[in-house]
Asker: 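This is the structure I have questions about; it appears just below.
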Amino acid sequence: MRSLFRRSPGEPKTEEQQQLDQAVSKTRESSFRRISTLFHEAIVTDETWEELEDLLVQADVGPVTAARLVEDARGEVETLEERTAVEAETAIRGQMVDVLGSDSRVPLEKMPSGTVLLMVGVNGSGKTTTTAKIARYLERHGRTVLLAAADTFRAAAIDQLRVWGERVKAPVVAHQQEADPGAVVFDAVRAALARHVDFVIVDTAGRLHTKFNLMEELQKIRRVVGKANPEAAIIALLVIDATTGQNAILQAKSFLATVEVDGIILAKLDGTAKGGVAFSVYNELKVPIWYVGTGETMDDFAAFDHLEFVNALFD
Ligand SMILES: Nc1nc2c(ncn2[C@@H]2O[C@H](COP(=O)(O)OP(=O)(O)OP(=O)(O)O)[C@@H](O)[C@H]2O)c(=O)[nH]1
Ligand SMILES: [Mg+2]
């Protein structure tokens with residue numbers, strides 16, 4: 001039998017746990033509050049499981065993932081002699097942790113010097129803000145960062161990155177509007193090498209339907225990185241917007257059909273009661289969530305700890 005994952009009383013929460021708690025408060029106060037009350041009953045009936053599935057769908061877990069979670073939790077409880085609500089809650093919480101996939105990502109701050117992070121994602125998903133948050137996060141872990149303004153589509157995008165660069169005190173390599181993003185990245189990677197900067201974070205336009213062909217553009221960026229620094233490791237991070245719920249999954253699917261992605265950043269988790277979408281990310285996309293955006297400032301960024309996420313939704 002699994003443990004109930006509850007922290008012992010009085011054990012203080014870390015800063016990241018508090019951030020996650022805060023970020024999921026809207027989701028917790030809506031559907032998950034009602035899910036918790038389901039388990040206040042002494043026994044579980046067919047109706048309990050049905051209601052659980054409905055509530056998960058309401059939390060934007062997505063019908064496929066909600067059905068899988070309930071089926072697996074129910075199967076687990078049915079093997080037990082005692083089938084009380086306590087066992088049911090333990091089972092569903094355990095299945096929720098499992099459905100998030102393995103928790104074995106390499107933290108960004110442990111990645112080798114020379115790593116290039118490519119930020120991709122649909123319009124407005126949070127790429128530029130997340131670029132700044134990652135810069136801040138890495139600098140707090142003692143690593144150095146340079147930002148590359150490869151979203152050359154709008155002049156405002158370049159200015160936005162410059163402003164963030166000043167705030168997080170990271171140098172920004174930028175060219176003119178409409179310049180070749182590959183040329184920006186080449187200069188940025190060369191500059192990082194020359195200045196012994198650990199990471200280059202590339203803010204891309206990430207648009208799917210423009211005069212640029214996204215796939216070609218990203219492939220070109222990869223080639224250019226290889227030319228500028230043959231040792232560089234490229235990590236592509238897909239930023240998705242939690243406030244769009246299941247739509248984020250649909251958009252991510254079309255993205256993943258085009259570009260190779262290593263990890264997902266679930267931005268704007270704080271702004272939504274649809275935080276259940278996190279559970280369908282791995283189940284439907286087979287790419288794990290690595291980090292979450294928990295607000296609009298540069299410090300509103302946290303590692304995605306599976307157990308803590310589930311705890312934060314329930315407790
Ligand atoms: N509440 C909240 N807002 C966020 C978060 N991340 C980004 N935002 C907001 O989302 C909006 C869009 O963010 P950007 O970083 O500009 O998104 P983008 O993907 O770079 O947008 P384009 O360059 O236009 O494609 C901004 O208003 C951000 O402040 C987050 O974690 N929480
Ligand atoms: Mg942007």
Side-chain angles (χ1 to χ4, degrees), residues 15-16 18-28 60 108 117-137 147-168 170 172-175 177-179 181 184-185 188 200-212 214 217-218 221 236-245 247-248 251-252 254-255 258-259 261 263-275 277-278 281 289-304 309 312:
E15 205 179 305
E16 275 203 329
Q18 286 173 19
Q19 253 177 308
L20 207 53
D21 263 7
Q22 195 90 54
V24 299
S25 63
K26 288 191 179 140
T27 309
R28 181 174 56 237
D60 251 53
L108 289 175
L117 303 176
L118 260 188
M119 309 304 294
V120 299
V122 296
N123 275 8
S125 57
K127 295 176 296 296
T128 306
T129 313
T130 306
T131 298
K133 289 176 177 184
I134 294 178
R136 171 82 167 169
Y137 173 91
L147 309 180
D151 178 357
T152 57
F153 200 67
R154 291 177 299 125
I158 300 170
D159 294 339
Q160 190 192 358
L161 193 71
R162 283 208 172 102
V163 170
W164 276 119
E166 275 171 28
R167 282 191 204 143
V168 300
V172 177
V173 169
H175 291 185
Q177 185 186 356
E178 308 255 312
V184 176
V185 173
V200 174
I201 314 180
V202 181
D203 183 30
T204 71
R207 287 164 181 77
L208 278 173
H209 309 288
T210 60
K211 58 184 174 175
F212 292 107
L214 180 75
E217 185 174 310
L218 292 176
I221 288 178
L237 297 171
L238 176 65
V239 180
I240 65 177
D241 177 348
T243 63
T244 63
N247 255 336
Q251 284 178 336
S254 63
F255 234 94
T258 319
V259 301
V261 165
I264 284 178
I265 315 256
L266 184 60
K268 311 189 204 179
L269 191 55
D270 56 297
T272 184
K274 297 177 177 175
V277 67
V281 170
I289 299 173
W290 282 1
Y291 293 88
V292 292
T294 62
E296 285 187 282
T297 80
M298 58 191 178
D299 289 312
D300 295 324
F301 183 74
F304 186 62
F309 179 68

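We count ligands from 1, going down the list as the structure has it; atoms in each ligand are counted the same way.
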Asker: What atoms of ligand 1 come within less than 4.0 Å of a heavy atom belonging to Thr129?
Answerer: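 Those qualifying, in numeric order: 7 (C), 13 (O), 14 (P), 15 (O), 28 (C).
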Asker: Mind checking whether the Mg ion (ligand 2) has an N, O or S of Thr128 under 2.8 Å?
Answerer: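 Checking the Mg ion (ligand 2) against Thr128, an N, O or S atom does fall under 2.8 Å.
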Asker: Kindly say whether Phe153 contributes a backbone atom to a donor-acceptor pair with the side chain of Gln177 at under 3.5 angstrom?
Answerer: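 Such a contact is found between Gln177 side chain and Phe153 backbone.
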Asker: Indicate the atoms forming the closest heavy-atom contact of Thr244 with Asp241, along with that distance.
Answerer: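 Residues Thr244 and Asp241, closest heavy atoms: OG1-O, 2.8 Å.
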Asker: Atoms of ligand 1 less than 4.0 Å from Asn123 heavy atoms?
Answerer: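 That gives atoms 25 (O) of ligand 1.
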Asker: Out of all atoms in ligand 1, which are within 4.0 Å of some heavy atom of Asp151? Include the element for each.
Answerer: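 It comes down to these atoms of ligand 1: 23 (O).
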Asker: Could you say whether the N/O atoms of Gly295 and ligand 1 ever approach to under 3.5 Å?
Answerer: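 By distance alone, the answer is yes.
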Asker: Are the side chains of Val172 and Trp164 in touch, meaning some heavy atoms are under 4.5 Å apart?
Answerer: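 No, every pair of side-chain atoms sits at 4.5 Å or beyond.
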Asker: Which ligand 1 atoms does Arg154 reach within 4.0 Å, using its non-hydrogen atoms?
Answerer: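 That gives atoms 22 (P), 23 (O), 24 (O) of ligand 1.
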Asker: Tell me whether ligand 1 is touched by Gly271 - counting only heavy atoms on the residue side and a distance under 4.0 Å.
Answerer: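 No heavy atom of Gly271 comes that close to ligand 1.
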Asker: Mark up the atoms of ligand 1 that fall under 4.0 Å of a heavy atom belonging to Thr294, in ascending order.
Answerer: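 Listed by number with element, the hits are 31 (O).
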Asker: What do you reckon, does Ala157 put a non-hydrogen atom under 4.0 Å from ligand 1?
Answerer: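 Flag not set, Ala157 not near ligand 1.
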Asker: May I ask which of Gly124, Ala302, Gly121 has a heavy atom nearer to atom 12 (C) of ligand 1 than the others do?
Answerer: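 The option holding the nearest heavy atom is Gly124.
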Asker: Which atoms from ligand 1 have a heavy atom of Gly293 less than 4.0 Å away?
Answerer: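 So the atoms of ligand 1 that pass are 31 (O).
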Asker: Can you name the nearest heavy-atom pair linking Gln251 to Val122, along with the distance?
Answerer: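 What the structure gives for the nearest pair is OE1-CG2, 3.4 Å.
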Asker: Using side-chain heavy atoms (C-beta onward) and a distance below 4.5 Å, is Asp300 in contact with Asp270?
Answerer: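 Not in contact.
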Asker: Give yes or no for whether the N/O distance cutoff of 3.5 Å, strictly under, is met between Ala267 and ligand 1.
Answerer: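 Between Ala267 and ligand 1 (N or O atoms, distance only) the closest approach is not under 3.5 Å.
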Asker: So is there a nitrogen or oxygen of Asp203 less than 3.5 Å from a nitrogen or oxygen in ligand 1?
Answerer: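 No; the residue has no nitrogen or oxygen that sits under 3.5 Å from a nitrogen or oxygen of the ligand.
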Asker: So do the side chains of Lys133 and Ile265 get within less than 4.5 Å of each other, counting heavy atoms only?
Answerer: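 Counting from C-beta outward, Lys133 and Ile265 never come under 4.5 Å.
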Asker: Quick check: do Thr272 and Lys26 have side-chain heavy atoms less than 4.5 Å from each other?
Answerer: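 A side-chain contact is absent here, since even the closest heavy-atom pair is not under 4.5 Å.
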Asker: For atom 10 (O) of ligand 1, which of the options Met119, Lys127, Lys268, Gln160 provides the nearest non-hydrogen atom?
Answerer: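 Residue with the shortest heavy-atom distance to the ligand atom: Lys268.
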Asker: Gly275 and Thr27: which non-hydrogen atoms are nearest, and at how many Å?
Answerer: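 Answer, listing the atom of Gly275 first, then Thr27: N-OG1, 3.1 Å.
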Asker: According to the interplanar angle, ranging from 0 to 90°, do the rings of Phe301 and Tyr137 count as parallel (below 30°), tilted (30 to 60°) or perpendicular (above 60°)?
Answerer: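 Rings of Phe301 and Tyr137: perpendicular, over 60°.
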Asker: I'd like to know whether ligand 1 has Asp270 as a neighbour, heavy-atom separation below 4.0 Å.
Answerer: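 Yes, Asp270 has heavy atoms under 4.0 Å from ligand 1.
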Asker: Give the atom numbers and elements of ligand 1 that come within less than 4.0 Å of a heavy atom of Lys133.
Answerer: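 By the 4.0 Å cutoff, the relevant atoms are 5 (C), 6 (N), 30 (C), 31 (O).
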Asker: Could you tell me whether some N/O pair between Gly126 and ligand 1 is separated by less than 3.5 angstrom?
Answerer: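 Yes: some nitrogen or oxygen of Gly126 is under 3.5 Å from one in ligand 1.
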Asker: Looking at Ser254, is its backbone amide N or carbonyl O close enough to the side chain of Thr258 to form a donor-acceptor pair, meaning the two atoms are under 3.5 Å apart?
Answerer: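 A pair under 3.5 Å: yes.
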Asker: Check each atom of ligand 1 against the heavy atoms of Glu296 and keep those under 4.0 Å away; list them by number with element.
Answerer: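 Those atoms are 1 (N), 2 (C), 3 (N), 4 (C), 27 (O), 28 (C), 29 (O).
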Asker: Just wondering, more than 12 heavy atoms not from Glu16 lying within 6.0 Å of its CD?
Answerer: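 For Glu16, atom CD is crowded (more than 12 foreign heavy atoms under 6.0 Å).
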